[in-house]
2 protein chains.
Amino acid sequence: MFSTPASHRRLAAVGTDLPPGTAPDGSRGQILSESLRLFAEQGYGAASIRDIASRVGIKGASLYSHYPSKAHVLAELVRIGHEEHFRRMRDALLAAQPDVQVQLAAVVRAHVCAHAEYPMLAVVSNSELHALPEEFATPLLAIRRQSETLMLDVIQRGVNLGVFKVPDIQLAMTAIGAMGLRVAHWYTPDSGKTPEQIADTYALFAARLLGVTA
Amino acid sequence: MFSTPASHRRLAAVGTDLPPGTAPDGSRGQILSESLRLFAEQGYGAASIRDIASRVGIKGASLYSHYPSKAHVLAELVRIGHEEHFRRMRDALLAAQPDVQVQLAAVVRAHVCAHAEYPMLAVVSNSELHALPEEFATPLLAIRRQSETLMLDVIQRGVNLGVFKVPDIQLAMTAIGAMGLRVAHWYTPDSGKTPEQIADTYALFAARLLGVTA
DNA sequence: GTCTATAATATGATAGAC
DNA sequence: GTCTATCATATTATAGAC
């Protein structure tokens with residue numbers, strides 16, 4: 001039970017950025033953006049339709065012209081978050097073939113950068129999925145599994161090649177994954193560290209954790 | 001945005017255990033225990049006084065004979081969680097003097113075991129502090145800082161002794177801390193791994209991460 | 001210490017005018 | 001696409017009987 005941010009805020013960052021091209025135009029996009037802020041800072045359950053609408057500058061009832069329910073807004077945000085995260089990891093891996101150490105660094109870097117560059121989206125995607133009805137959650141969990149498998153496959157390949165040595169690859173994956181997840185909570189652009197610097201250090205940590213000594 | 005548990009539940013575990021001696025007798029203890037379950041599974045905001053009371057077998061109004069408000073119940077749970085976590089880390093460190101590698105293993109093991117043995121308490125302590133008013137949160141954040149400092153001091157001492165080598169001790173601390181935090185979300189007693197086995201592996205990971213090659 | 005009853009307010013969502 | 005008005009229900013918390 002510790003650690004960062006030092007305040008009792010849920011995350012340190014303040015930006016509500018969404019990945020380029022993912023936010024719709026007009027009120028629909030504003031609803032997404034303001035919902036992101038409120039869901040990240042207060043949690044889905046504590047953020048009301050009226051809260052969201054008032055920040056957009058409309059009334060609660062008007063929100064229903066854009067989304068059929070509050071759950072649909074959350075589902076859309078979590079979908080964007082999961083897809084962006086998976087896309088980045090996959091693209092990084094494809095560009096890094098074939099050295100397994102380079103592959104590991106690429107996926108860890110992509111994982112960390114996604115969480116540092118879109119901290120609110122990451123917090124909502126990681127911490128609010130439980131609030132969705134099962135039919136909304138199922139396809140999102142499928143994306144999650146893809147991302148997990150991607151990292152697990154790199155670790156397994158490294159072990160098979162004799163480059164990595166770990167007592168348990170599942171535990172290695174959860175450990176490396178967790179390091180990156182948590183970045184979304186404490187990262188802030190004015191910390192003096194860029195996402196890339198953090199990603200580099202965490203990629204080193206991941207390699208060491210897997211037994212790479214060079 | 002990934003990782004375990006595979007379901008859309010917030011955590012895999014089902015037990016609502018509190019550390020021995022921390023749960024009051026009678027209704028007061030039951031309120032704490034049922035609140036723990038509901039806050040962990042649904043989040044503080046989504047769990048109602050009526051939900052809690054009905055699980056205890058009383059009416060909502062009767063809860064106010066035991067706690068002055070819902071926030072007081074949460075504050076009590078988070079206090080128990082933070083104190084137990086700090087106490088375990090401190091005791092482990094005191095028993096492990098003076099080899100810095102042994103110290104590191106001790107604090108990491110204590111950190112991981114606390115999160116595996118009391119997963120609901122850990123999830124609530126780590127994920128719901130933002131729901132508390134600032135006057136409730138301040139003393140809890142102080143405990144958090146103590147736990148952080150404890151681990152940071154071990155890392156710093158290892159670096160000073162030339163046993164550990166890292167580009168940034170703060171990043172090392174957040175990485176090691178995050179590994180343990182996340183255990184509370186995916187750990188379940190019927191996974192075939194004991195908290196001790198996970199703790200041993202994570203202690204190895206932590207040492208490697210800090211540049212220990214032996 | 002628990003109950004019933006209730007206050008005061010907030011919630012997600014809908015109907016229908018413009 | 002936004003509004004006002006409203007429905008139906010849920011919320012935290014209190015008052016006062018037993």
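These figures come from a predicted structure and were not determined experimentally. The chains referred to below are lettered A, B, ... by the order of the sequence lines, with proteins before strands, and numbering in each begins at 1.
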*Asks:* Taking only side-chain nitrogens and oxygens of A:S69, does any of them come within less than 4.0 Å of OP1 or OP2 of C:dG12?
*Replies:* no

*Asks:* Can you identify which nucleotide, out of C:dC3, C:dA15, C:dA13, has its nearest atom closest to the A:A61 side chain?
*Replies:*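 In terms of side-chain proximity for A:A61, the closest of C:dC3, C:dA15, C:dA13 is C:dA15.
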
*Asks:* Could you check whether the rings of A:Y202 and A:F205 sit parallel, tilted or perpendicular, using 30° and 60° as the cut-offs?
*Replies:* tilted

*Asks:* In whole angstroms, how far is the P atom of D:dG1 from the CG atom of A:D25?
*Replies:* 12 Å

*Asks:* CZ of A:R50 versus P of D:dT11: gap in Å, rounded?
*Replies:* 15 Å

*Asks:* Just how far, in rounded Å, is C1' of C:dA10 from NZ of A:K70?
*Replies:* 11 Å

*Asks:* Would you say B:K59 places a side-chain N or O within less than 4.0 Å of OP1 or OP2 belonging to C:dC3?
*Replies:*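 Answer no for this pair, as no side-chain N or O of B:K59 is under 4.0 Å from OP1 or OP2.
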
*Asks:* Let me know the distance between OH of B:Y64 and P of D:dA15, rounded to the nearest Å.
*Replies:* 13 Å

*Asks:* Would you indicate, yes or no, if D:dT2 has its OP1 or OP2 atom less than 4.0 angstrom from a side-chain nitrogen or oxygen of A:S65?
*Replies:* no

*Asks:* CD1 of A:I52 versus P of C:dT11: gap in Å, rounded?
*Replies:*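 Atom-to-atom, A:I52 to C:dT11, this comes out as 10 Å.
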
*Asks:* What nucleotide, of C:dG12, C:dC3, D:dT14, holds the atom closest to the side chain of B:I58?
*Replies:* C:dC3

*Asks:* Figure out the CD1/P separation between A:I49 and D:dT6, and round it to whole Å.
*Replies:* 21 Å

*Asks:* Does C:dT2 have OP1 or OP2 under 4.0 Å away from a side-chain N or O of B:S27?
*Replies:* yes

*Asks:* Over how many whole Å does the gap from A:L63 atom CG to D:dT2 atom P extend?
*Replies:* 10 Å

*Asks:* Establish, yes or no, whether a centroid distance under 6.0 Å links the rings of B:H72 and B:F136.
*Replies:*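 Centroid distance B:H72-B:F136: below 6.0 Å, so yes.
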
*Asks:* Do B:L11 and B:R9 have side chains that get closer than 4.5 Å, going by heavy atoms?
*Replies:* yes

*Asks:* Does a side-chain heavy-atom distance below 4.5 Å link A:R10 with A:Q42?
*Replies:*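 Of all side-chain heavy-atom pairs linking A:Q42 with A:R10, none is under 4.5 Å.
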
*Asks:* Is it true that a side-chain atom of A:H111 and a backbone atom of A:V107 form a donor plus acceptor pair closer than 3.5 Å?
*Replies:* no

*Asks:* Would you please confirm or rule out a distance under 4.0 Å between OP1 or OP2 of C:dG1 and any side-chain N or O of B:S62?
*Replies:*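 Looking at the OP1 and OP2 atoms of C:dG1, neither is under 4.0 Å from any side-chain N or O of B:S62.
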
*Asks:* Would you kindly give the CZ-to-P distance between B:R28 and C:dT2, to the nearest whole Å?
*Replies:* 12 Å

*Asks:* With a non-hydrogen cut-off below 4.0 angstrom, is A:A47 in contact with a base, only sugar-phosphate, or nothing?
*Replies:* sugar-phosphate

*Asks:* If you check the A:S48 side chain, which of C:dT11, C:dT2, D:dG1 turns out closest?
*Replies:*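 Nucleotide nearest to A:S48's side chain: C:dT11.
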
